[in-house]
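What follows is a single structure, written as structure tokens, with notes after it.
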Amino acid sequence: MSDKSKSANGNNTDADEPLSSRCDPASYEPKWIKYWEDNKIFSKHPSASPEKFCIVIPPPNVTGSLHMGHALNTTLQDALVRFNHLNGRDALWIPGMDHAGIATQNVVEKRLREEGTDRHALGREKFVERVWEWKNQYHDNIKGQLEKMGASVDWSRERFTLDAQCSLAVRTAFKQLFDEGLIYQDYRIINWCPRCKTALSDIEVEYVEEDSFFYHIKYPVKDSDEFLEIATTRPETLLGDAAVAIHPNDERYTHLHGKICILPLVNREIPIITETYVDMEFGTGALKITPAHDPNDFTIGRAHGLPEYVMLTEDGHITADYPAYAGMDRFVARKKIIEDLKAAGLFIKQEPYKHSVGHCYRCSVSVEPYISLQWFVKMKELAAPAMQAVRDGRTRFVPERWAGVYLDWLENIRDWCISRQLWWGHRVPVWDCKDCGTRSSSIEDLHKCPKCDSENLSMQEDVLDTWFSSGLWPLSTLGWPDKTDDLKLYYPTSVLVTGFDIIFFWVARMMFFGLKFGGDVPFRDVFIHGIVRDETGKKMSKSSGNVIDPLKIIDIYGADAMRFTFLYLGSLGQDVNVSEDRFKTGRNFCNKLWNTARFILMMAPDAPRKSIKELDQSVLELKDRWILARYSAVIKQTGDLMASYDLNEAAQGVYSFLWHDFCDWYIELVKRPIREATPEAAAAMKAILHHILRGTLVMLHPFIPFITEEIWSSLPGTEDSILEAGWPEVDWKSDEESVARIEFLQEIVRGIRDVRAALKVPPAKKVAVAMLTHGDKEKIKTLEEASGFISDMAAVEGITVEKPLGEGVRAMSAISAGVEIFIHYEVEMSEEEIARLMKKEKQALNDIQYCENKLGDEKFISKAPREIIEKERAKLAGMMEDLKKIKDRLAFLGANGK
RNA sequence: GGGCGGGUAGUUCAGUGGGAGAACGCUUGCUUCACACGCAAGAGGUCGUGGGUUCGAAACCCACCUCGCCCACCA
């Protein structure tokens, strides 16, 4: 073990202690967290590298703890950051958290309720103090979780959306928008959560289809015995009705133009108005107008100058204006009103009806369209450049389809309601002078009216939508509005990694704020990943009871195992389904890597650190040239895939190389020769083992940082973190010939193993093998040169090539890769062999038929590309050859090959 | 009403024009001196359905079925 790991872990000072046969993440993961932190590995910014790579973290809410979605998000970002670092870039990842206005206020209020009190009893100041306490506690919790996942964030630059820098950014942005007239206050209908008692923006409402009723009610026409039949899903709102609207062309109602209705139960006289908005086909064609409680009615009401009767209180009860129902909950009132209508003979019928009802995205209570005084951001002017930037490709979505979602939304965007009737958040930085009436926005707290110098000022009570400060995140994390070096160096950031669920909430807002205040897009790429679901594909949620705690997975399998599993299973932009058991995929892989390293260190504890180019080329054999060629190909491939965000393919590629090429074949091939070869050849093999192990560790480091550090530190001559090792060089030419020859040999070995398994030859028992190619010189050459390969890999002793079996020699044959292979055995088993050969024969006949048909098709020959035709011909020739050998053997065995 | 994504092995999913792949699970055999969290050999798929384009379709086009998601001022 190197000095650094000893210093990082006071418990393990025995340098001679070999790696244990099971990798135990708990024994080293904490050590590396501490090492990274103590050595400020992630905080050396700006670094000397002129190439900058920067990610700002999607700040987790300080409401609680991180879930699987965060774990996936963190894994992807960390892999990108470490990859870029390894590739020599100045890779900066800025962490932080979000104050999460409503969400956090809700959890603290819930806590207060449990204590038998509420925020009003505490008062604003004390309450906000309580929330800060909560924030501090959960901040530490979340920070610890990010560390445990191995997040390579630069904690020295941590931000909180409510800290001084963010506050400055919020006030600066607000004041500028206010002064430019892009922020305004108005008395309008907004979405109101009666439980949170605050306004919500349009996208903070979640619509859920619900079974409800369509209620038909009679509205008596004044001075007549006629009734107008209206249909509504919300009968209780009739208390606030200001009119009934009909379509001007609706002949059923022409005679009612200009008449008055008597509002049932309330006895208010309301006009019958004509409106083209009304759909004659829908319902009864008569629409009750409740301007204060329905967005459409609001618009119609304003157009017709109707009064806006507010019939609900802030918490969803009937106002005192309607004594019969005053103080009643809205849903209770609905029932009561229907009863009363029935009693009055004004109720006609109710029909089952499905419609979607809006719910608060934070507390799920159904929201009320509610008229109130709120602050808004004018969106049209801000949205235009944000759309243009994506159309121009200045910001690119990965996968691309999300650009459409983003653009659609911005195209149809409406003004953004930014005021919230909460206490936790950035207070709207606007002051009114009580003397001269001047209203001003200010960055500093205002103590004096700028116009009349009066100190009699009042600040707005409301706070801002939490997404207002989140929208400034890429700017505020880099120091805006100050003109910092960070801003110059790292803005625009390289990529934003997030889930599709916050494209509107967050991505779009950062885009238009970034363009408005930062003068450029906030990030070049937006990498949208899927969400983590349970093994049946259901969303994880507390109420479904199917959540898996990332910390639990880390405890059981280790952070690397969790990370690798996400990467291995989650393909680009798709959701990833997991169960606890599934994380074994990553655990097993880490264990494989661990044992690979352990074995290499046992076989070659002090390998020469010669570069591969310096090796004596003459001692290299086919297997060596093959693995070096494969290794170089994987380096190239992995780098390309990472650069295009295909982390899944990248991880699978390295996995398959390490496990199947390197371990299953190369290491197995080296085991015997490394002891028996000349010192030069053995040294070369050892050098190759170390070379590839090192490079593979580096390639895997972005995915599984802990175990790669741990193994790296055990290798001779490693002083620094593996993060400083640099991405492996492609140092070997591609070598198709070696690859093809090894693949041929692998097929031969599999053929022999297949027969061995069929004959139930014990694995340790060596068998003699004779191989006939019937004169194929290339094959003969390869087989002769590689007899060691075959004997090592298939437990063979005594190989002959191109020497027919003598009379009376018992053998079972296999046909593989165009070679007839005879495995000597003592027992008479021709029945079994015949069965196997006949099965193969049938298959070969099928395949040949198919191939011949194809090649006999004139259209195919005339239209298909030449190389495809050649390939088909070669394939057919090979199969014919195999078939002939099968038939001959069957004939020899006395079975009549058909 | 509009849009998007999925339907491929028992399961979870890769696979954008040349005879279907992985991981897990399953069967069989192995305490082969790195790893049983392992090794080896296997079984397992009319690639949702129906048309079309093409010499050739799991892939491209159209329609439909089905599951999921998003958007919309669905009284």
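First the proteins, then the strands, lettered A, B, ... as listed; each starts at 1. Hydrogens, waters and symmetry mates play no part in the numbers below; they use all other heavy atoms, side chains included.
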- State whether the distance check finds a donor on one side and an acceptor on the other, under 3.5 Å, for side chain A:Glu649 versus base B:A22. no
- Look at the side-chain N and O atoms of A:Asn577 and state whether any lies under 4.0 Å from the OP1 or OP2 oxygen of B:C13. yes
- Grab the CZ-P distance between A:Phe657 and B:A22 for me, whole Å please. 19 Å
- Query: Looking for any heavy atom pair under 4.0 Å, which part of the strands does A:Val405 touch: base, sugar-phosphate only, or nothing?
  - Reply: nothing
- Look at A:Glu229 together with A:Arg252 and state whether they make a salt bridge at an N to O cut-off of under 4.0 Å. no
- Message: Any donor-acceptor pair, under 3.5 Å, between the side chain of A:Lys760 and the base of B:A41, if you only look at N and O atoms?
- Response: no
- Query: Considering only heavy atoms and no angle criterion, is a donor-acceptor pair shorter than 3.5 Å present between the side chain of A:Lys584 and the base of B:C37?
  - Reply: no
- Starting at CG of A:Leu287 and ending at P of B:A75, how long is that distance when rounded to a whole Å? 9 Å
- Could you check whether A:Cys851 gets within reach of a base, just the sugar-phosphate, or nothing at all, counting any heavy atom under 4.0 Å? base
- Item | Between B:C4 (P) and A:Ile531 (CD1): distance, integer Å | 20 Å
- Message: Nearest whole Å is fine: how far is B:A34 P from A:Trp594 CH2?
- Response: 17 Å
- Message: At less than 4.0 Å, is any side-chain N or O atom of A:Trp659 found next to OP1 or OP2 of B:C39? Yes or no.
- Response: yes
- For A:Glu204 and B:C71, give me the distance from atom CD to atom C1', rounded to whole Å. 17 Å
- Reckon A:Arg753 has a side-chain N or O less than 4.0 Å from the OP1 or OP2 of B:A41? yes
- When the distance from CG of A:Asp664 to P of B:G38 is rounded to whole Å, what number comes out? 11 Å
- Query: In whole Å, what separates the C1' atom of B:C35 from that of B:C39?
  - Reply: 9 Å
- Any side-chain heavy-atom pair from A:Leu238 and A:Ile230 closer than 4.5 angstrom? no
- Item | Residue whose nearest RNA chain B nucleotide is more 5′ - A:Tyr850 or A:Tyr655 | A:Tyr850
- Message: If I take atom CG in residue A:Leu569 and atom P in nucleotide B:A14, what distance separates them, rounded to the nearest angstrom?
- Response: 10 Å
- Query: How would you label the contact of A:Phe504 with the nucleic acid (heavy atoms, under 4.0 Å): base, sugar-phosphate, or nothing?
  - Reply: sugar-phosphate
- Query: Roughly how far apart, to the nearest Å, are B:U53 and B:A75 at atom P?
  - Reply: 46 Å
- Ignoring backbone atoms, establish whether A:Lys863 has a side-chain N or O less than 4.0 Å from OP1 or OP2 of B:C55. yes
- Task: With C1' as the reference atom in both, quote the distance from B:G6 to B:A59 in angstrom, rounded to an integer.
- Result: 15 Å
- Task: Using the P atoms only, state how far B:A36 lies from B:C71, rounded to an integer number of Å.
- Result: 50 Å
- Query: How close do A:Phe703 and A:Ala651 get, heavy atom to heavy atom, and via which atoms?
  - Reply: CE1-CA, 3.7 Å
- Query: Taking N and O atoms by type only, does the side chain of A:Arg401 place a donor or acceptor under 3.5 Å from a partner on the base of B:C4?
  - Reply: no
- Query: Is the number of heavy atoms from other residues, nucleotides or ligands under 6.0 Å of A:Glu858 CD greater than 12?
  - Reply: no
- Can you tell me how far P in B:G56 sits from the matching atom in B:G18, rounded to whole Å? 14 Å
- Does any N or O in the side chain of A:Asn595 come within less than 3.5 Å of the main-chain N or O of A:Arg598, such that one atom is a donor and the other an acceptor? no
